Amino acid sequence: MHKFTFTATSALVLSGGILLAGPGTAAADDKGDDTGDGCMGVEMSVDGVSGDFSEEAGKVAEELNDKLKQDMAGNMNARTTTCAKEVVEAAQDRDMGQDAAGIAMATVIVETHLNNYTGGDRDSVGLFQQRNHYGSSDERLDVGWATEAFFDELDAVYPDGGWKDVSPGAVAQDVQRSAYPDRYHDQIEDAEIIVDHLW
C-alpha cells in the first residue's frame, strides 16, 4: 500500500475553502517514490521529530488547529496531518464513508494523538496501537493497512453495518476494547472536524 502524501499532481479535493491533494496512486507510481515521509513511524517521544512534509500539510495543520477544541487543538502539525490524511484516504478507498472515518480518527486521537508509534503498551504499535494478533509490526505501522485492519474488526463486531445505529464512541470502544471505555466519545467532535476538513 502506498504512503500517501499531499501532492499537486494527484486528485484534488476542495474542503473548507482550500485545495487539498489526494492520494493519486497513478502519480505516485509514475514518480517511483514519495515526495515526503508519509505517516512515518516515530518513537514514543516525538520531541524534535522532523520530516520532509509538504508546505500544504503544514497549512492544513494550522487551519485545523484553529477549529479543534479537544486534545488535538493546537497540536496538529504537518506530520500528524499527513497521518490523519492517510486514515481518511484508507476509509475512502474502502468506501466506508465519513462516519466510519470519524470513528477511526477518534480512535487514533485517543490511542496516539495521531503519532504512528513504533512501540507502545506491551506489543502494541502504530496509530491504532494494535496488538500483534493484528499482524506484523511493519503491517501495523503502515497506516493504510492498519486502518483496513481496524475496519475489518469493526465489520466483525458489527456485521452488516450495525455500527451505524450505535454511538461512535461506543463503536470505537467495541473495536479497541480499551480499559478506558469513555475516552473515545470525548474526541468524536474533533475527529469529525478533521475528517470533514480532509475528506
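All values below come from the heavy atoms of this structure, side chains included, with hydrogens, waters and symmetry mates left out. Bear in mind that the values here come from a model prediction, so they are computed numbers and not experimental data.
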Please check this pair: side chain of Glu86 against backbone of Cys39, looking for a donor-acceptor N/O pair closer than 3.5 Å. yes
Any carboxylate oxygen within less than 4.0 angstrom of a Lys/Arg side-chain nitrogen, looking at Asp196 and Lys67? no
Is there side-chain contact between Asp152 and Arg94, with at least one heavy-atom pair below 4.5 Å? yes
Report yes or no: does Asp160 contribute a side-chain atom to a donor-acceptor pair with the main-chain N or O of Gly162 at less than 3.5 Å? no
pair Leu127-Cys83: side-chain heavy atoms closer than 4.5 Å: yes
Any donor-acceptor pair under 3.5 Å linking the side-chain atoms of Arg79 with those of Asn115? yes
Compare all side-chain heavy atoms of Asp190 with those of Lys69 and state whether any distance is below 4.5 angstrom. yes
Any side-chain heavy atom of Gln70 sitting closer than 4.5 Å to one from Ile188? no
List the steps, then state whether side chain to side chain donor-acceptor pair (under 3.5 Å) holds for Gln187 with Asp71. CA-CA 7 Å; Gln187 302 303 322; Asp71 283 9; 3.2 Å; yes
State, with a plain yes or no, whether a side-chain heavy atom of Asn75 is found less than 4.5 Å away from one of Thr80. no
Are Lys59 and Glu63 close enough for a salt bridge, meaning some N to O gap below 4.0 Å? no
Can you give me the closest heavy-atom contact between Tyr134 and Val175, atom names plus distance? OH-O, 4.0 Å
If you take all heavy atoms of Ala172 and Thr107, which pair is closest and at what distance? CB-OG1, 3.4 Å
Yes or no on side chain to side chain contact (heavy atoms under 4.5 Å, CB included) for Phe150 and Gln176, after CA distance, side-chain angles and deciding distance? CA-CA 8 Å; Phe150 177 85; Gln176 292 295 101; 3.7 Å; yes
How about Trp163 and Asp99: do any of their side-chain heavy atoms sit closer than 4.5 Å? yes
Residue pair Val143 / Val108, side-chain heavy-atom distance below 4.5 Å: no
Answer yes if Val88 and Val110 sit in the same cluster of Ile, Leu, Val, Met, Phe, Trp and Tyr residues linked by side chain heavy atoms under 4.5 Å apart, and no otherwise. no
Closest heavy-atom contact between Gly97 and Trp199? C-CH2, 3.6 Å
For His185, does the NE2 atom sit with more than 12 other heavy atoms under 6.0 Å from it, leaving out its own atoms? no
Is it the case that the side chain of Arg131 and the backbone of Gln129 share a donor-acceptor pair, with hydrogens and angles ignored and the cut-off at 3.5 Å? no
Looking only at heavy atoms, the pair that brings Ala170 and Tyr158 closest together is O-OH, 4.3 Å
Which atoms form the tightest heavy-atom contact between Met76 and Leu64, and what is the distance? CE-CD1, 3.9 Å
Gln173 (side chain) donor-acceptor with Tyr184 (main chain) under 3.5 angstrom: no
Less than 4.0 Å between a side-chain N and a carboxylate O, is that true for Arg177 and Glu153? yes
If you compare all heavy atoms of Ala78 against all heavy atoms of Ala61, which two are closest, and at what distance to 0.1 Å? N-CB, 4.1 Å
Would you mind reporting whether Leu114 and Met105 have side-chain heavy atoms less than 4.5 Å apart? yes
